[in-house]
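Input: a single structure, listed below in structure tokens.
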Protein chains: 2
Amino acid sequence: MERGLLPYFFGRSSVYMSPARTTSGAPISSIGRGIAVLACFSARFRSLTLSELSAKSKLPMSSTHRVVAELVTGGFLVRGNDKRYRIGTRLWSIAQLAPVSEQLRERSLPTLARLYEETGENITLAVLDRGQALYVDRLVGERSIPSVARAGGHLPLHTTGVGKVLLAYQPKENIEKYLSRPLQRPTPYSIADPVRLLAELTEVRAQGYSVTRQEMTAGSGSVAVPIMRGGRAIAAVGVVAHLAKLDVNRLVATLTAAANTIAHELEDDH
Amino acid sequence: MERGLLPYFFGRSSVYMSPARTTSGAPISSIGRGIAVLACFSARFRSLTLSELSAKSKLPMSSTHRVVAELVTGGFLVRGNDKRYRIGTRLWSIAQLAPVSEQLRERSLPTLARLYEETGENITLAVLDRGQALYVDRLVGERSIPSVARAGGHLPLHTTGVGKVLLAYQPKENIEKYLSRPLQRPTPYSIADPVRLLAELTEVRAQGYSVTRQEMTAGSGSVAVPIMRGGRAIAAVGVVAHLAKLDVNRLVATLTAAANTIAHELEDDH
DNA sequence: AGCCCGGTTCCGCTCAATGGAACGGGGGCT
DNA sequence: AGCCCCCGTTCCATTGAGCGGAACCGGGCT
């Protein structure tokens, strides 16, 4: 029954200098830790070991172990035969209820499928999310260019077709805020000069579509149009193809029709 | 500076009978609570208010409030203009890294799109998950039947085309375990008799495809085939259509070809 | 004006969560 | 084989983060 009056003379708890959560700089909540662990996964790291999670999340091994165990029992993580952790179906299943998936993706999909069949090229659908283009879905053909875009992934606004459209239709202040930050240049063709970019955005808004040429990936270009709703561009559809095969006029026509169909589809309930 | 020696004579903390988490029957961890809150969302409830979350999760209002606030700062929940909570894009974004999405869905999508264009009917792709058919994706046409299946949703194995295929190719013991539990009957045509069902599963395995007629929804039927890999059915593709329009032979041929294409597609890396 | 109801804030009380340390165990290198 | 190293697991004393009842707030409806 005695407790708390242990050694003090020989090793052990004499060095017990760091209790609970004083050591770690940031006092994150339990739930925050759970999220931090889940956020360790990325396109490059779709499966991770416990120690990798511990390293990436900056959490001590024992803490990581406990958090991960709870996420596993909750079905948010699964451990494969290779002893590596992956995102679980439970998490995925819940995520499908996100508006972006349930309302936008599902309803657009048939139209995207038709677009894919008509063009035979990569089709992408994206929305603006946290200052980046969030790819809501994509359709990649066997013969089409390998695209960096990935469903669920983020890419810069100024180097992608869909991104430029989404940015162009933003209120002036948001555009200026975006331009004020330093802009990445994934390729030598990327437009990072605020003045040039602003001019191009004005043009995009005027003509109703955007074009990119090797601004994200060498050798490929893209065309994109907005999906309008209530005067705002709520999403963008685009085609990514070999630079040489990029028939802008034809694609603009096809894309605009598809965008209208989707916009119409979204009108329905609520 | 004084503390802990307050009233005791007049109201207040004299009734302080329930500390920390003694009241609630189950001693759930913080992370468990976070998951419990997220799990309140469903196809019927894609947006919820705080009190609804509190009621569904069986957590006290104040606790729910705190948990929800943490999920919001983590981007796992968002609060809309209507003050209702929804699943956030951050959660969705991470979820796309789940194997079921990244490896199965994305790779199958082009083939599903083609299938959709060829048939003009509802296309579904599902895997076995927690004793149910988990719909990995679906394509619904404007003119095709409204389907109950929803990407991310679960349906019983014995009342759906894809479900019967998935169950049929399971090891004998799993089949028996499934049959030993009481089976739902969404429609009068649903097969809930273990003996009849077992016979049908054997037939499915023999002929390589399954057929349902009004077993899940009145007026509609379906055909489905397995996607095989290493001798196991890792997924199933199906078509749902009006009962009258269900041309089984033609669909089996089309679906089998598509399933082979997908299976081949999955062979690649790892 | 009064009421109700969803939501927010407050606060004293603990116990669940914490992380250092010790322990296991498998696989690769010598 | 023997060794070591690294990944993972278990243990445990400590305490502050999480807890939930209660009071408070504000807007819509009666």
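Labels below follow one simple rule: chain letters A, B, ... track the order of the sequence lines, proteins then strands, and each chain is numbered from 1.
- By the side chain to side chain donor-acceptor pair (under 3.5 Å) test, Ser51(B) pairs with no residue at all, sequence neighbours left out.
- For Arg138(A), the salt bridge (Lys or Arg N to Asp or Glu O under 4.0 Å) test picks out Glu106(B), with sequence neighbours left out.
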Practice prompt. Please test Gln96(A) against Val100(A) for side chain to side chain contact (heavy atoms under 4.5 Å, CB included), starting from the C-alpha separation and ending with a verdict.
Written response: CA-CA 8 Å; Gln96(A) 300 318 302; Val100(A) 86; over 6 Å; no
Would you tabulate the nitrogen or oxygen pairs shorter than 3.5 Å linking the protein to nucleotides 24-30 of chain D?
none

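- Residues satisfying the side chain to side chain donor-acceptor pair (under 3.5 Å) criterion with Ser62(A), sequence neighbours excluded, are absent altogether.
- Near DNA chain C, defined here as any heavy-atom distance below 4.0 Å, the residues from residues 55-66 of chain A are Pro60(A), Ser62(A), Ser63(A), Arg66(A), listed numerically.
- In this structure, Asp82(B) places its CG atom 16 Å from P of dG6(C), rounding to the nearest Å.
- Under 4.0 angstrom from either OP1 or OP2 of dC5(C) there lies no side-chain N or O belonging to Thr49(B).
- Five base pairs at each end of the helix from dA1(C)-dT30(D) to dT30(C)-dA1(D) define two local axes, and these are offset by 40° (rounded to 10°).
- Partners of Tyr169(A) according to the side chain to side chain donor-acceptor pair (under 3.5 Å) rule, which considers only residues two or more places apart in sequence or in another chain, do not exist here.
- Scored by the side chain to side chain donor-acceptor pair (under 3.5 Å) test, Thr124(A) finds no partners at all (sequence neighbours excluded).
- Checking side-chain atoms of Thr159(B) against main-chain N and O of Leu155(B) turns up no donor-acceptor pair under 3.5 Å.
- For Arg150(A), the salt bridge (Lys or Arg N to Asp or Glu O under 4.0 Å) partners are Glu102(B), not counting sequence neighbours.
- Residues meeting the side-chain contact (heavy atoms from CB on, under 4.5 Å) test with Asn174(B), sequence neighbours left out: Gln170(B), Pro171(B).
- Within the 4.0 Å cut-off from OP1 or OP2 of dA16(C), not a single side-chain nitrogen or oxygen of Ser29(B) is found.
- Among the atoms of the strands shown, only primed sugar atoms or phosphate atoms (P, OP1, OP2) are found under 4.0 Å from some heavy atom of Arg79(A).
- As rounded to whole Å, 14 Å separates atom P of dG20(D) from atom CG of Leu50(B).
- We find that NZ of Lys83(A) is positioned 12 Å from C1' of dG26(C), with the value rounded to whole Å.
- Set against dT8(C), dG18(D), dG6(C), the side chain of Tyr85(B) has dT8(C) as its closest nucleotide.
- Contacts of Glu52(B) classified as salt bridge (Lys or Arg N to Asp or Glu O under 4.0 Å), with partners at least two apart in sequence or in another chain: Arg84(B).
- Residues that satisfy the side-chain contact (heavy atoms from CB on, under 4.5 Å) test with Ile234(B), not counting sequence neighbours, are Ile227(B), Arg229(B), Leu266(B).
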